[in-house]
Amino acid sequence: MRIATWNVNSMKARLQTVLQVLTDINADVVCLQELKCETDAFPYLEIEELGWNCAVHGQKSYNGVALLSKFPLQDVTREMSTLKDDQARYIEATVLTDKPVRVGGLYLPNGNPAPGPKYDYKLEWVAALEDHARSLLKAEEPFVLCGDYNAIPAPEDCWDDTVWNTDALGLPETRAAWRQLKHLGLTDAFEVCDGRAHQYTFWDYQGGAFQKDHGIRIDHILACPRMTDRLTAIEIYRKARAMDKPSDHVPMIAIFED
DNA sequence: ATGTCATCGTAACGATGA
């Protein structure tokens with residue numbers, strides 16, 4: 001079972017790229033972020049034609065998340081139990097295989113400029129995610145939480161920490177919140193399956209960042225203990241960043257034993 | 001001297017978010 005996460009930075013502007021990448025990565029489940037379209041404007045027909053079931057939580061202009069699955073999706077929820085949010089940043093559903101798994105797709109707030117109200121919202125959001133993860137653990141159904149966390153876990157997860165450790169994505173308080181989430185008993189799939197320094201999932205459009213490999217690792221897959229037992233490998237599909245009309249993020253794929 | 005992109009409101013860009 002291959003579970004992927006990818007911030008597409010607009011479904012409308014990126015549709016052809018998205019269709020190509022979906023074929024390339026051969027995942028069973030894909031969490032998408034930054035759709036930048038309303039739920040009804042999602043290109044259901046084109047995606048379904050490739051064999052996906054879709055669950056979408058969109059909004060106008062900003063944010064927006066979706067779950068794509070080759071298997072049926074059941075019990076879709078579009079908010080965390082712990083946060084009343086007017087921004088479309090969360091979606092969760094059960095993927096019905098012979099070993100059902102609850103998949104949460106999330107788009108954590110960017111939080112810049114920090115400090116300020118946007119950073120406060122980010123911290124509030126990650127605290128709500130922690131509470132929600134706690135309730136998922138209590139429910140004892142296997143789950144993964146995938147998405148754009150807008151968090152650089154450690155200095156070696158960016159190209160130059162002196163640039164990022166004062167940014168909302170790399171501030172000590174952001175990293176502490178990330179660790180606190182993990183310490184509930186969740187596993188960063190990249191950390192245990194690869195763990196190398198300077199492996200990135202995002203490169204800014206500006207200043208030739210990709211060519212210089214000036215990236216950051218901010219897209220993550222967190223697994224509960226039972227899913228961690230099945231975890232075998234992690235992949236970062238870097239090629240997506242070199243395509244025509246690329247997103248600034250690339251897909252990350254976690255592979256679980258069937 | 002040296003590569004940003006997408007969206008919206010409004011009518012060819014400026015403002016905004018990332």
Side-chain angles (χ1 to χ4, degrees), chain A residues 5-22 31-43 46-47 56-66 85-91 105-126 129 146-153 157-171 173-175 177-178 200-220 236-252:
Chain A
T5 180
W6 187 27
N7 179 320
V8 293
N9 184 21
S10 169
M11 274 310 272
K12 186 169 188 291
R14 203 84 54 220
L15 184 57
Q16 291 314 312
T17 308
V18 170
L19 295 174
Q20 182 62 53
V21 169
L22 285 178
C31 305
L32 299 177
Q33 301 90 38
E34 277 207 273
L35 308 176
K36 296 188 174 179
C37 68
E38 290 181 286
T39 302
D40 292 343
F42 188 84
E46 292 88 338
I47 304 283
V56 180
H57 183 195
Q59 74 176 88
K60 197 174 180 180
S61 307
Y62 306 118
N63 311 314
V65 288
D85 198 356
D86 57 6
Q87 301 189 21
R89 295 182 176 276
Y90 194 78
I91 189 164
L106 64 102
Y107 177 44
L108 218 135
N110 175 298
N112 279 305
K118 291 190 173 181
Y119 193 63
D120 295 340
Y121 172 57
K122 177 176 194 159
L123 293 178
E124 182 191 349
W125 212 98
V126 70
L129 179 61
C146 315
D148 177 357
Y149 283 75
N150 270 314
I152 301 165
D157 297 312
C158 63
W159 63 280
D160 182 355
D161 198 50
T162 63
V163 171
W164 289 101
N165 66 18
T166 54
D167 186 280
L169 281 59
L171 278 171
E173 205 171 355
T174 303
R175 289 175 174 165
W178 165 257
Y200 310 130
T201 62
F202 169 96
W203 296 261
D204 202 285
Y205 287 122
Q206 299 185 61
F210 183 59
Q211 287 69 21
K212 299 182 211 164
D213 202 24
H214 287 180
I216 56 181
R217 185 168 71 90
I218 56 175
D219 299 276
H220 307 298
I236 296 175
Y237 190 63
R238 248 183 99 99
K239 280 185 187 165
R241 189 64 179 78
M243 296 172 75
D244 284 339
K245 300 253 313 169
S247 169
D248 39 8
H249 296 248
V250 299
M252 165 171 283

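Remember, it's a predicted structure, so these values are computed and weren't measured experimentally. When reading the values below, keep in mind they use all heavy atoms of this one structure, side chains included, and skip hydrogens, waters and symmetry mates.
Rounded to an integer number of Å, the gap from A/Tyr149 OH to B/dA18 P is 18 Å. Summarising the geometry, the separation between CG on A/Asn63 and P on B/dA18 is reported as 7 Å, rounded to the nearest angstrom. At whole-Å resolution of the value, CD in A/Gln59 and C1' in B/dA18 are 14 Å apart. In this entry the distance linking CD of A/Glu34 with P of B/dT16 reads 18 Å, nearest Å. Atoms NE2 (A/His214) and P (B/dG3) sit 13 Å apart, rounded to a whole Å. One atom, CD1 of A/Ile216, and another, C1' of B/dA18, lie 10 Å apart when rounded to the nearest Å. Regarding A/Met243, its CE atom lies at a distance of 16 Å from the P atom of B/dC5, rounded to whole Å. In this structure, A/Asn110 atom CG and B/dT16 atom C1' are separated by 13 Å, rounded to whole Å.
Of the residues listed (A/Phe202, A/Tyr107, A/Tyr149), the one engaging A/His220 in a ring-ring contact (aromatic ring centres under 6.0 Å, His included) is A/Tyr149, and it is the only one. Applying the side chain to side chain contact (heavy atoms under 4.5 Å, CB included) test between A/Cys158 and each of A/Ile216, A/Ile218, A/Asp167, A/Val163 identifies A/Ile216 as the sole match. When the options A/His57, A/Gln59, A/Glu34 are evaluated for a side chain to side chain contact (heavy atoms under 4.5 Å, CB included) with A/Val65, the one that passes is A/His57.
When the P atom is compared between B/dA11 and B/dA15, the two are found 15 Å apart, to the nearest whole Å. Between B/dT7 and B/dA12, the two C1' atoms lie 15 Å apart (nearest whole Å). Comparing the P positions of B/dA6 and B/dT2 gives a spacing of 22 Å, expressed to the nearest Å. Using atom P as the reference point in both B/dT4 and B/dT10, the two lie 28 Å apart (nearest Å).
Map A/Gly207 and A/Asp248 each onto its nearest nucleotide of DNA chain B; the residue landing nearer the 5' end is A/Gly207. The nearest heavy atom of DNA chain B to A/Phe202 and to A/Gln206 marks one nucleotide each, and the one closer to the 5' end goes with A/Gln206.
For the 3.5 Å distance criterion, the side chains of A/Gln33 and A/Asp148 fail to qualify, holding no donor opposite an acceptor. No side-chain donor from either of A/Trp164 and A/Asp157 sits under 3.5 Å from a side-chain acceptor of the other.
In this structure, A/Lys245 contributes its side chain and A/Gln16 its backbone to no donor-acceptor pair below 3.5 Å.
Closest approach to the A/Tyr62 side chain among B/dG17, B/dA18, B/dA6 is made by B/dG17 (side chain taken as heavy atoms from C-beta onward). The nucleotide whose nearest atom lies closest to any side-chain atom of A/Tyr205 is, among B/dC5, B/dT7, B/dA18, B/dC5. For A/Lys36, the side-chain atoms get nearest to B/dT7 when compared with the rest of B/dC8, B/dT7, B/dA18.
A/Phe210 comes within contact range of no nucleotide atom at all, as no heavy-atom separation falls under 4.0 Å. Backbone-only engagement by A/Lys118 is indicated by non-hydrogen atom pairs under 4.0 Å involving sugar-phosphate atoms exclusively.
One finds no side-chain N or O of A/Arg14 lying less than 4.0 angstrom from the OP1 or OP2 phosphate oxygen of B/dC5. Residue A/Lys245 has no polar side-chain atom (N or O) positioned under 4.0 Å from OP1 or OP2 of B/dC5. Close to B/dG17, at under 4.0 Å from its OP1 or OP2, lies no side-chain N or O of A/Ser61.
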